[in-house]
Amino acid sequence: MRTDYCGNIDSSYIGQEVTLCGWVNKRRDLGGVIFIDLRDREGIVQVVFDPDLPDVLDIANTLRSEFCVKLTGKVRGRPEGQVNKDMRTGEIEILGTGLEVINKSAVLPLDWNQENSEEQRLRYRYLDLRRPVMSQRLQFRAKVTAAVRRYLEEDGFLDIETPILTKATPEGARDYLVPSRTHKGEFFALPQSPQLFKQLLMMSGMDRYYQIVKCFRDEDLRADRQPEFTQIDLETTFLDADGVMQITEGMIRNLFKTMLDVDLGDFPRMTYEEAMRRFGSDKPDLRNPLELVDVADLLKDVDFKVFSGPANDEKGRVAVIRVPGGASLSRKQIDEYTKFVGIYGAKGLAWVKVNETSAGQDGLQSPILKFLSADITDALLERTSAQDGDILLFGADNATVVTEAMGALRLKLGEDFELLQGEWKPLWVVDFPMFEEVDGNLYALHHPFTSPRNLSAEELKANPVGALSDAYDMVLNGVELGGGSVRIHDQAMQSAVFTILGINEEEAENKFGFLLEALKFGAPPHAGLAFGLDRLVMLMTGASSIRDVMAFPKTTTAACPLTDAPSPANPQQLEELAIATVKKSAE
């Protein structure tokens, strides 16, 4: 029906006749001459209809926003002074010689000249996606996946599908369950990731696997989470952590260079312990120069229990953030930051304003100075490298509370004081703890198939709390792009991990029997990594939410306003599945 896309018409087309199809983006009547901006996925082109062709002009006079049309016309240069250098089509316009209205449009439920609620945008997603910014994001996403496929396939990776209907496995979130009609009372689970299947593919000798795959998790949502999301999933045999990191770092560097002409350079590596100590996060945003500085050793003997208590507790922590220029904060602003850290369990936020370092304590301002000697304040100023006009903000409590609260405060201060430096700051975070302890129980920090770092099964069982995992996360601008690990390929080691996690033989056999059996038959060493495609595209396009880079996302309540899903099932279907629904009481 058409000869070209609207957005591709430029000065090289001058003098040619073209046929275009698209939507009326805007219509202007300038006293007998009608202009429209015609839009398709590639962009917008200006079309003019003049009185010399009255039949065409009459049809043009009926056009309104979002009418779907087909037009024929001759490309010509725009008059001098009307060139728009910001558009590819800005040097030309099309003189319309033929016009057909394919379909009219009702009055739009969305107003493109103002902000629409997300509920409205998702309810009429097919209209929202017509907006150039949304169209461009989805086109960008398609090019990202194509570039990823090219890179991995050139490196010997095979695109292999894994099942969507599978067995429930514990991977840190609730499963979506699918009832079986042929096996009444039994359920499939939608995969949280292809973890077990990709390991089995390595045991099958596939050597290098990848997949751009849907994953499903029934968990509480936020800006960067969805009940169904997309992973760039890959696995390799006979490669260690360094080998996987080299391949995937190369892939991301190639992607940024190809798509954005950005050279990310070599990715620095940082241990989990260092990241948590300095930045209060295992995915630190290195654009932010603020750091957490430990000062417990300086405050053990002060007559101020808020400091001395945690300072003398092996599970406590006292940390300080120096904020350049922060002495300008009002008491009200400090109180707001105090409320903010309270969200993370902190009981307060002590502070010291540094007005004049050369004046010693006389140059400081704080209600806690009466508890601190001149020697201690001097040591604090030296350790934090405080300058005139700074403020020191203290967190003192259980180490976990201090780390989480001050880590979150660091991010907020970085934004509020506009401290972020540089556009892109990638890194690898490595040497994660193998397990985390919650209420006396141990849980796998990543998943139960992650291999410990340089430990035998016996050494792991002897000291599981001190064990490090052979895991690695790729972080960019404070966002975890992907995570992976060397997997356990030894049956004795896998059994040891299950034992530490409190998974007995019967439960292990019930949940992972097929994997444990596969480990008996010459399982090779293997390792892999999974990237969040939605997060990656969100960062690369500057979107604020992964919902803005997905065609048909769910809301924060895991609902779809477009299709009104989820919705009640047909009673006959429920009967065939042997399922009865239970209504909640009014209470």
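We use all heavy atoms of the structure for the numbers below, so side chains are in, but hydrogens, waters and symmetry mates are not.
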Handout entry: Inter- and intrachain pairs under salt bridge (Lys or Arg N to Asp or Glu O under 4.0 Å), touching residues 520-534, at least two apart
Key =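 Every pair satisfying salt bridge (Lys or Arg N to Asp or Glu O under 4.0 Å) with a residue in residues 520-534: Arg141-Asp534.
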
Practice task
Mind jotting down which residue pairs meet the salt bridge (Lys or Arg N to Asp or Glu O under 4.0 Å) criterion with at least one end in residues 429-446? Sequence neighbours excluded, please.
Solution key: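 Listed by first then second residue: Asp431-Arg453.
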
Handout entry: Ser385 and Arg322 side chains, donor-acceptor separation under 3.5 Å
Key =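 No donor-acceptor contact under 3.5 Å links the two side chains.
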
Practice task
May I ask you to check whether Glu404 and Thr400 show a side-chain donor-acceptor distance below 3.5 Å?
Solution key: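 No, no side-chain donor-acceptor pair sits under 3.5 Å.
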
Does [X] reach the side chain of [Y], with side-chain heavy atoms less than 4.5 Å apart?
{"X": "Gln573", "Y": "Arg181", "answer": "no"}
{"X": "Phe340", "Y": "Ile343", "answer": "yes"}
{"X": "Met203", "Y": "Leu200", "answer": "yes"}
{"X": "Leu349", "Y": "Met406", "answer": "yes"}
{"X": "Tyr272", "Y": "Leu468", "answer": "no"}
{"X": "Asp548", "Y": "Thr541", "answer": "no"}

Could you work out, with salt bridge (Lys or Arg N to Asp or Glu O under 4.0 Å) as the rule, every residue matching [X], not counting sequence neighbours?
{"X": "Lys347", "result": "Asp397"}
{"X": "Asp313", "result": "none"}
{"X": "Arg383", "result": "Asp297"}
{"X": "Arg130", "result": "Glu66"}

Exercise for the section: With sequence neighbours excluded, tell me which residues meet side chain to side chain contact (heavy atoms under 4.5 Å, CB included) with Leu201. Expected result: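 So Leu201 forms a side chain to side chain contact (heavy atoms under 4.5 Å, CB included) with Ile160, Thr162, Met206, Tyr209.
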
side-chain hydrogen bond (donor to acceptor under 3.5 Å, both in side chains) pairs, two or more places apart, involving [range]:
{"range": "residues 252-261", "value": "Arg253-Asp266, Lys257-Asp261"}
{"range": "residues 412-426", "value": "Tyr337-Asp416"}
{"range": "residues 476-502", "value": "Glu235-Arg487, His447-Arg487, Thr450-Ser485, Ser485-Arg487"}

[X] side chain to [Y] backbone, donor-acceptor under 3.5 Å:
{"X": "Gln231", "Y": "Ser193", "result": "no"}
{"X": "Thr237", "Y": "Met202", "result": "no"}
{"X": "Arg137", "Y": "Val537", "result": "no"}
{"X": "Arg547", "Y": "Pro553", "result": "no"}
{"X": "Asn312", "Y": "Lys300", "result": "yes"}
{"X": "Lys184", "Y": "Glu576", "result": "yes"}

Practice task
For Leu516 and Leu519, run side chain to side chain contact (heavy atoms under 4.5 Å, CB included): C-alpha distance rounded to whole Å, both residues' side-chain angles, the deciding distance at 0.1 Å, then the answer.
Solution key: CA-CA 5 Å; Leu516 296 176; Leu519 290 174; 4.3 Å; yes

Practice task
Tell me, with the steps shown, if Val148 and Phe157 meet side chain to side chain contact (heavy atoms under 4.5 Å, CB included).
Solution key: CA-CA 11 Å; Val148 166; Phe157 283 80; over 6 Å; no

Value rounded to 0.5 Å, distance of [atom1] in [X] from [atom2] in [Y]:
{"X": "Glu249", "Y": "Phe267", "atom1": "CD", "atom2": "CZ", "result": "5.0 Å"}
{"X": "Met251", "Y": "Phe256", "atom1": "CE", "atom2": "CZ", "result": "10.5 Å"}
{"X": "Leu152", "Y": "Arg149", "atom1": "CG", "atom2": "CZ", "result": "9.5 Å"}
{"X": "Glu219", "Y": "Tyr176", "atom1": "CD", "atom2": "OH", "result": "9.0 Å"}
{"X": "Thr403", "Y": "Leu292", "atom1": "OG1", "atom2": "CG", "result": "7.0 Å"}
{"X": "Lys554", "Y": "Phe552", "atom1": "NZ", "atom2": "CZ", "result": "10.5 Å"}

Exercise for the section: Could you tell me whether Glu505 atom CD has more than 12 heavy atoms of other residues or ligands within 6.0 Å of it? Expected result: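 For Glu505, atom CD is not crowded (no more than 12 foreign heavy atoms under 6.0 Å).
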
Exercise for the section: Answer yes or no: are there more than 12 heavy-atom neighbours, outside Gln246 itself, under 6.0 Å from its atom CD? Expected result: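 It does not: Gln246 CD has 12 such atoms or fewer within range.
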
Practice task
Using the side chain to side chain contact (heavy atoms under 4.5 Å, CB included) rule, take Asp473 and Lys283 through it: C-alpha gap first, then chi angles, then the decisive distance, then the call.
Solution key: CA-CA 8 Å; Asp473 281 1; Lys283 47 181 184 292; over 6 Å; no

Problem - Parallel, tilted or perpendicular: ring planes of Phe514 versus Phe197, cut at 30 and 60 degrees - result: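 Phe514 vs Phe197 ring planes: parallel.
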
Problem - ring pair (Phe, Tyr, Trp, His ring centres under 6.0 Å) involving Phe229 - partner list, sequence neighbours excluded - result: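 Ring pair (Phe, Tyr, Trp, His ring centres under 6.0 Å) list for Phe229, sorted by chain: empty.
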
Exercise for the section: Report the C-alpha distance between Val549 and Phe140 in whole Å, list the side-chain angles of each, state the deciding distance to 0.1 Å, and finish with yes or no for side chain to side chain contact (heavy atoms under 4.5 Å, CB included). Expected result: CA-CA 9 Å; Val549 296; Phe140 186 93; over 6 Å; no

Problem - Heavy-atom closest pair, residues Pro426 and Pro268 - result: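 Closest approach of Pro426 to Pro268: O-CD, 3.2 Å.
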
Handout entry: Passing candidate, side-chain contact (heavy atoms from CB on, under 4.5 Å) with Phe279, options Leu290, Asn288, Leu286
Key =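 For Phe279, the side-chain contact (heavy atoms from CB on, under 4.5 Å) check succeeds only for Leu286.
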
Problem - Ion pair check, Asp155 and Arg208, cut-off under 4.0 Å - result: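 Between Arg208 and Asp155 there is a salt bridge, with a charged N closer than 4.0 Å to a carboxylate O.
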
Practice task
Not counting sequence neighbours, which residues clear side chain to side chain donor-acceptor pair (under 3.5 Å) with Asp128? List them please.
Solution key: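 Residues passing side chain to side chain donor-acceptor pair (under 3.5 Å) with Asp128: Arg121, Arg125, Arg131.
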
